[in-house]
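Reading through the structure tokens given below for one structure.
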Amino acid sequence: MIGIYSTVDAIHSAEEIAEALISAWPLLNVISSDGKILPDLPFIGEHEKSAWDDLLLIVFGSENLPDELHEPIKKEIEAARAEHRASRVLPVSTLEDHRRPPLPLENVKAIHCPSLSENNLQRITRRVGALLSLWLRGDNRKIFVSHRQADGREVAAQVTDYLQDHGYNAWRDEERLFGGDIVQDEIERHVSDSNLVLLLDTPKAKESDWIAAEVDAAIACFVPLVPILLRPADVIGRDAGPGIYSTAELVSHRITIDLSANDVVEPLTNSQLDDMLAAVEDYLSRLLRAQRSLAAKVEETFLGAMYNWQAVDAQRYLFACSKDDGFGGLTRMLSHCSVVSPRYYPAVRALQQFHTEAAGTNAFTYRLFLYEPPIPRPELVRLARDHRFDQDPHLRLLDPGRLADFLKLHQSSSSGGTPS
């Protein structure tokens with residue numbers, strides 16, 4: 001639920017924001033207060049523990065919040081601090097010269113929108129989508145900034161500070177710059193603890209084994225990865241594209257940069273930083289829409305075929321689907337609802353290698369890599385041949401339009417029928 005509460009002098013702004021959010025997120029429940037305390041707003045009244053899609057927007061001007069709101073909001077902020085997570089409250093400033101939120105939100109970062117132009121309304125809807133997308137993967141909304149120290153250390157510090165100034169829990173790993181061999185387990189641990197990996201693909205990034213390992217860890221842990229291409233204007237051809245092989249199929253955002261005499265990336269301008277944040281938030285919003293839509297279609301198809309549906313790891317859109325095969329056995333399928341195409345081979349490999357403590361890698365009858373939009377069959381056949389998917393009898397690549405037919409085919413085969 002997205003709840004909106006406004007101070008008395010910001011009610012009109014809150015109404016416009018509510019309309020924009022309803023239009024942008026029709027699948028989410030948006031509740032707007034008319035100035036009264038509504039018991040079904042997040043954190044107000046007898047509300048259950050927050051779900052991934054719970055967010056309370058406080059739209060404010062110069063007026064104070066009513067006393068009745070102080071205690072539940074303060075409780076949420078204190079709980080977030082105690083649980084080492086981000087609070088589910090987003091203040092929105094509507095005045096040019098009054099940006100600090102009212103008590104008890106004075107230490108919470110606000111998004112500043114003094115005029116509700118179309119651009120600012122888009123900023124708010126992008127920010128909401130980005131926060132919900134990160135929260136769906138955990139409570140920290142933690143962004144790991146991956147970078148090459150040789151030419152990107154200073155710009156990484158700038159990007160990290162910028163993200164933190166905008167309310168994100170951004171961090172970069174400085175300890176790795178000084179010590180020792182690459183330890184894959186350690187890299188996977190700090191990458192998997194993040195909700196997003198922001199890769200600063202500087203000209204020298206492709207020379208770093210550390211970055212390659214961090215990219216591989218993000219893929220293996222199903223952590224979203226957004227490459228930011230930092231290239232001088234005069235760089236063209238192959239050098240202008242992604243420098244890390246595994247990111248070639250990913251959506252990236254390019255920024256034209258200057259290099260110092262030592263070939264170090266110069267600091268970005270405020271405009272470039274703003275454009276980068278808009279691109280990242282737009283990606284996270286599209287990611288949320290696509291994966292929620294895909295998962296809903298897949299769940300409906302499995303339930304319609306009388307399978308049980310259970311989350312193995314909802315943050316990574318991994319689900320176990322099981323059904324009695326009619327002969328005393330159990331058909332178990334591990335399904336990954338991916339917004340990354342199977343053309344992106346490392347993502348498929350991650351599904352092939354995924355296992356839990358309770359179930360090994362071969363505990364499933366099939367592993368289904370589910371994606372959209374559909375890929376033409378000739379290209380899919382060529383893709384399977386090129387990547388030797390035939391060597392894995394448990395793997396299937398399917399778009400949701402073919403899932404029902406696959407389940408019918410499997411049911412016919414397992415019951416002794418003749419598959420068509």
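It should be emphasised that the depicted structure is a prediction, and the values quoted were computed from it without experimental measurement.
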N/O donor-acceptor pair under 3.5 Å between [X] side chain and [Y] backbone:
X	Y	result
Gln272	Thr256	yes
Ser208	Lys204	no
Glu372	Pro400	no
Asn195	Arg141	yes
Arg137	Ser133	yes
Thr125	Leu121	yes
Ser293	Ala290	no
Arg367	Phe354	yes
Thr365	Arg332	yes
Ser192	Glu188	yes

| query | Can Ser87 and Glu76 be said to form a side chain to side chain donor-acceptor pair (under 3.5 Å), step by step? | reply | CA-CA 6 Å; Ser87 66; Glu76 161 61 12; 5.1 Å; no
| said: Evaluate Val280 against His253 for side-chain contact (heavy atoms from CB on, under 4.5 Å), listing each step before the verdict. | reply: CA-CA 8 Å; Val280 171; His253 175 66; over 6 Å; no
| field | Val30: side-chain contact (heavy atoms from CB on, under 4.5 Å) partners, not counting sequence neighbours | value |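 Result, side-chain contact (heavy atoms from CB on, under 4.5 Å) vs Val30: Ile2, Ile4, Leu21, Ile22.
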Atom of [X], atom of [Y] and distance for their closest heavy-atom approach:
X	Y	value
Trp25	Ser285	CH2-O, 3.5 Å
Leu136	Arg292	CD2-CD, 4.1 Å
Ile228	Leu198	CG1-CD1, 3.5 Å
His410	Tyr366	ND1-CE1, 3.3 Å
Phe222	Ala347	CE2-O, 4.5 Å
Ser146	Glu214	OG-OE1, 2.6 Å

Does [X], at its [atom1] atom, have more than 12 non-hydrogen atoms belonging to other residues, nucleotides or ligands within less than 6.0 Å?
X	atom1	value
Glu300	CD	no
Glu118	CD	no
Asn270	CG	no
Gln122	CD	yes
Glu106	CD	yes

Heavy atoms, side chains only, cut-off 4.5 Å: are [X] and [Y] in contact?
X	Y	result
Ile58	Pro101	no
Leu200	Leu230	yes
Thr301	Tyr307	no
Tyr168	Leu131	yes
Tyr344	Ser338	no
Asp399	Tyr371	yes
Asp392	Gln352	yes

Spatial distance of atom [atom1] ([X]) from atom [atom2] ([Y]) [nearest 0.5 Å]:
X	Y	atom1	atom2	result
Asn120	Cys113	CG	SG	4.0 Å
Ser62	His98	OG	NE2	6.0 Å
His147	Thr160	NE2	OG1	7.5 Å
Leu403	Cys321	CG	SG	8.0 Å
Leu395	Leu368	CG	CG	8.5 Å
Leu116	Thr94	CG	OG1	7.5 Å

| request: Apply the test side chain to side chain donor-acceptor pair (under 3.5 Å) to residues Asn119 and Ser117: give CA-CA distance (whole Å), side-chain angles for both, the deciding distance (0.1 Å), then the verdict. | output: CA-CA 5 Å; Asn119 183 56; Ser117 62; 5.0 Å; no
| Step-by-step side chain to side chain donor-acceptor pair (under 3.5 Å) determination, Asn64 to Thr7 | CA-CA 7 Å; Asn64 294 324; Thr7 57; over 6 Å; no
| message | salt bridge (charged side-chain N to carboxylate O under 4.0 Å, His left out), that's the test. Do Arg231 and Asp201 meet it? Break it down for me. | response | CA-CA 8 Å; Arg231 298 287 188 274; Asp201 190 344; 3.2 Å; yes
Check this for me: does any side-chain nitrogen of one of [X] and [Y] sit under 4.0 Å from a carboxylate oxygen of the other?
X	Y	result
Lys206	Asp239	yes
Lys142	Asp193	yes
Arg123	Glu281	no

| request: Please find out if less than 6.0 Å separates the ring center of Phe319 from that of Phe302. | output: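 When the ring centroids of Phe319 and Phe302 are compared, they turn out to be at least 6.0 Å apart.
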What I want to check is whether the side chains of [X] and [Y] have a donor and an acceptor closer together than 3.5 Å.
X	Y	answer
Asn169	Gln164	no
Ser260	Glu266	no
Asp274	Tyr162	yes

| said: Applying side-chain contact (heavy atoms from CB on, under 4.5 Å) to Ile17 and Leu57, what does each step give before you reach the verdict? | reply: CA-CA 10 Å; Ile17 291 172; Leu57 272 69; 4.0 Å; yes
| Could you go step by step and tell me if Val159 and Met276 meet the side-chain contact (heavy atoms from CB on, under 4.5 Å) rule? | CA-CA 9 Å; Val159 168; Met276 180 201 70; 3.9 Å; yes
| message | Which residue is it: Lys75, Glu78, Lys74? I am looking for the one with a side-chain contact (heavy atoms from CB on, under 4.5 Å) to Pro104. | response |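 Considering Lys75, Glu78, Lys74, a side-chain contact (heavy atoms from CB on, under 4.5 Å) with Pro104 is found only for Lys74.
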| request: For salt bridge (charged side-chain N to carboxylate O under 4.0 Å, His left out), just list the numbers for Glu207 and Arg148, CA-CA rounded to whole Å, side-chain angles, deciding distance to a tenth of an Å, and then say yes or no. | output: CA-CA 8 Å; Glu207 303 169 7; Arg148 176 76 195 274; 3.4 Å; yes
| said: For His336 and Phe369, take the angle between the two ring planes, folded into 0 to 90°, and tell me which bin it lands in: parallel under 30, tilted 30 to 60, perpendicular over 60. | reply: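 His336 vs Phe369 ring planes: perpendicular.
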| said: Using the rule given for side-chain contact (heavy atoms from CB on, under 4.5 Å), can you reason through Met333 versus Phe406, listing the C-alpha separation, both sets of side-chain angles and the distance that settles it, and then say yes or no? | reply: CA-CA 12 Å; Met333 300 191 186; Phe406 170 78; 3.9 Å; yes
